Amino acid sequence: MASMEKKYVIGVDGGTESIRAGVFDLAGTPLSFASVAYPTAFPAPGWAEQDPADWWAGLGTAVRQAVASASIQPCQVAALSVDSTCCTVVALDARGQALRPALLWMDMRSAAQAARVAACGDEALGVNGGGAGPVSAEWMVPKVLWLRESEPEVFEAAAGVCEYQDFVNFHLTGRWVASLNNASIRWHYSTRRAGGWPEGMLRTLGLEALLHKWPAEVLPLGAVVGGLTAAAAEHLGLPQGVVVAQGGADADIGMVRSGGGGGIGLGVIRPGQLALLTGSSHLHLGVTDQVFHGKGMWGVYPDALLPGVHVVEGGQTSTGSAVAWYRRLVGEEGYEALNREAEAVAPGCEGVVCLDHFQGNRTPHTDAVSRGAITGLTLAHGRGHVFRALLESICFGTEHIFETMRANGYAPASVTVAGGATRSPLWMQIHADVSNVPFILTKVSDAPALGAAILAAVAAGLYPDVPTACSHMDRVVQPDPQRHAEYRRHYRAYKALYPALKPGFHAAAAAASQAPTAADAPDVAQKQGQQGQEQGQQQGRQQDGADLHSIVSPSILSADFSSLARDVARVVAAGAEWVHVDIFDGVFVPNLTIGPPVVKSLHKSVPQAFLDCHLCVVHPENYVEDLAAAGCAQFTFHIEAPGIDFCCHTAAALCRRARGLGMLAGIALTPETAPDAVFPLCAAGEVDTVLLLSVRAGFGGQKFQPGVLPKVAALRRAFPVINIIVDGGITLDNAGSVARAGANALVAGTTVFAGKEPPEVAVPGLVRQIAEGRAAWPRCD
Ligand SMILES: O=C(CO)[C@H](O)[C@H](O)COP(=O)(O)O
């Protein structure tokens, strides 16, 4: 029985599976823990939702139980603090009730929105890769963007948008406040920016309204949020007014540790230290006093932990959850049998190699649609091989994160690990062996609850500040050099998996993705793009296997720009079904041409022209709405363009946006790119037209490169009813052979506008050649 004068603090850890409350004395010694589990719904692949009412109910029960089992009186509780999963987003009404289930941190539905956020070019992106990204679907802004686009009525109705953490603090104290920790690492908030909020980014994304929905106040870790309201005190079984301290993201809080005699949290707050927080996921949080950015890692987030203490982050989204998934799949209640079987298997699992991306990859790839895989199976393998291979894949994933951090100049000097994985000596040993660093295991594995407790103690004035040093580690797992050398080989096999499987994952995601919603089509385009929309539906889109057209698309690059409308009207009258508009930005190609204003004028002057716009630009996603509004009828962008980066999922999302605005969607390939790059998109029906460049992009009047012909043939063999258009160096002499290879559409600039024959001869001549070439295609009936 604890003495009546003593004061205690409560640390609450709102996790993925459950909410846990721990009662601690001021030396950081835990007296009791209680936890209440809650369900997660997975309504669609990659989605994950929770009911905030479950968090609140669980909090009350867990705190009451923890206090009761600690055998202390409620009046002895001086303060409490809550951390939570990060970034679990919830939309609230004015009373703080959730308007829909919360989007759990691991929810990846906003992958397309994340790509758009990454492409918005705002300075607030600088915190990741110096602006090069990534932006994860896990984060606040993509999730809110999804909400606004997919459930606009919920977004409109929301009086508040916040995280789990803020929801709980609001109900505990009545104060509407965000955590500096969460806001810095997941909301693009920065202490280094006047006002802190990413206002420019929100404006660019049309999300200004979010500024009024987010909490107006931001408090650092350990600051006093307020006292328990009467209702909250009743719910928790504690006195009214008990101090509530600001918490933050569970893993970050787990890094915090008290000094003097401590044992709270992990104590990872010195430069060079790295905390590995394990649970359903792995989170790797390195401490640095330098602000730097690099590819494949998140942050560095300045002041995210404590003033002057910056965090560099890596993470794996499904680790403990993947292991638990397999255990349930093979019908085991616990891990004993599986551990025994895995121990009997040699490192490398006799060729079984897994990929640990069951819920996407956080770092270094930040790929929401990557998936888990078990490869190398033979009939000789058993459960132990697969289980060990899963454990190894997670350790390899961690090593890949460390390798990326090292490449960016941050080498973890020590790894302090906490959480569920520490209960498996086998797993810890594999981790140490794979990464060749000692893994330090803490005395107390529930680091987040402990970290929250120390914040509560500071807020209650029981400590002057968060101490900076202490290490009460009780076990170090040393790497074995021989096994490490052996694992290097298996690590290479693991690293080869993602690049090999990525095209398949992206093709599957593109195939599974849904049709565009009404929300994808902003008003502006609906108003102004109507005509292009109708044209898009009538001209050239191949539906239900209908016959392809023989299309000539004269490139206005060779037209007389002083009389552009006249030239365009002339070629249309001559029989050009499309008119090719080359939009070059001087960056993706070494030439600068025209943009949406010229398209708009052309559309106005020659409304009957089907404007076949070919964007040789970086970040084509930035122009889709403007071009639709201008009257573009076909939106063709390069798969190689920065912003698309060969990612079929991103490309599919852009095609859907274009189609949602009434345009045909085209994907262009430079001469260097193999046609397979667009096969998944064509197979998924996302594309109307594939444009194959037969010259280097940038200028008209170049010589046709026949290397394009086998690409045309391969594409046509695979996709008999898609538009294939060849662009560059087309003449009346070579058009027939290009069409014979499989093209049903040809771009021709010089030949039509500046050739030997006038457009009235050249256009019908080219159409004829295409028709004749197509007549030679093998019939498939
Ligand atoms: O600019 C181009 C490539 O980037 C094109 O090749 C142009 O659209 C076609 O011109 P031409 O028929 O004279 O080769």
Side-chain angles (χ1 to χ4, degrees), residues 540 550-586 588-595 598-599 601-603 605-606 609-617 632-638 666 668-671 689-706 708 712 723-739 743-770 773:
S550 299
I551 298 168
V552 172
S553 191
S555 167
I556 63 166
L557 215 52
S558 304
D560 177 354
F561 272 62
S562 65
S563 310
L564 199 51
R566 185 206 60 197
D567 274 13
V568 167
R570 188 172 169 194
V571 296
V572 172
E577 191 164 330
W578 295 352
V579 174
H580 195 73
V581 181
D582 277 317
I583 297 177
F584 298 166
D585 65 356
F588 184 74
V589 280
N591 193 6
L592 188 62
T593 58
I594 59 171
V598 176
V599 173
S601 303
L602 262 184
H603 178 59
S605 309
V606 197
F610 176 100
L611 299 177
D612 163 34
C613 296
H614 174 193
L615 285 83
C616 289
V617 303
C632 163
Q634 174 153 265
F635 182 89
T636 297
F637 60 96
H638 274 267
L669 272 59
T670 65
T689 301
V690 176
L691 182 152
L692 296 170
L693 269 172
S694 43
V695 296
R696 295 197 77 76
F699 300 94
Q702 300 181 64
K703 196 168 167 343
F704 177 79
Q705 295 175 11
V708 75
V712 175
N723 287 313
I724 299 177
I725 185 163
V726 174
D727 178 6
I730 297 295
T731 64
L732 283 158
D733 295 330
N734 62 21
S737 60
V738 181
N744 67 300
L746 298 173
V747 175
T750 312
T751 297
V752 172
F753 287 110
K756 288 192 289 255
E757 310 290 350
E760 290 72 16
V761 174
V763 171
L766 288 168
V767 173
R768 215 173 18 254
Q769 299 249 18
I770 298 171

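In this text the structure is predicted, and so the values were computed from the model without any measurement. Along the sequence shown, residues carry numbers from 1.
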Taking C-beta and beyond as the side chain, do [X] and [Y] meet within less than 4.5 Å on heavy atoms?
X: Leu615; Y: Phe588; result: no
X: Asp582; Y: Asn591; result: no
X: Phe610; Y: Gln634; result: yes
X: Asn723; Y: Asn744; result: yes
X: Val761; Y: Pro758; result: yes
X: Arg566; Y: Asp560; result: yes
X: Leu691; Y: His580; result: yes
X: Leu766; Y: Leu732; result: yes

Could you give the distance from [atom1] ([X]) to [atom2] ([Y]), rounded to the nearest 0.5 Å?
X: Ser694; Y: Leu746; atom1: OG; atom2: CG; result: 8.5 Å
X: Thr670; Y: Arg696; atom1: OG1; atom2: CZ; result: 8.0 Å
X: Leu602; Y: Cys632; atom1: CG; atom2: SG; result: 11.5 Å
X: Ser550; Y: Glu577; atom1: OG; atom2: CD; result: 8.5 Å
X: Ile556; Y: Thr593; atom1: CD1; atom2: OG1; result: 8.0 Å

Can you name the nearest heavy-atom pair linking [X] to [Y], along with the distance?
X: Leu557; Y: Gly698; value: CD2-O, 4.4 Å
X: Gly749; Y: Ser558; value: C-OG, 3.4 Å
X: Ile730; Y: Ala735; value: CG2-CB, 4.2 Å
X: Pro554; Y: Val763; value: CG-CG2, 4.4 Å
X: Pro764; Y: Pro759; value: CD-O, 3.6 Å
X: Val606; Y: Ala569; value: CG1-CA, 3.9 Å

Do [X] side-chain atoms and [Y] backbone N/O form a donor-acceptor pair below 3.5 Å?
X: Ser555; Y: Ala748; value: no
X: Thr636; Y: His614; value: no
X: Gln769; Y: Ala739; value: no

Of [options], which meets side chain to side chain contact (heavy atoms under 4.5 Å, CB included) against [X]?
X: Trp578; options: Ile725, Val552, Val572; result: Ile725
X: His603; options: Leu611, Val568, Val581; result: Leu611
X: Leu692; options: Val738, Asp727, Val708; result: Val708

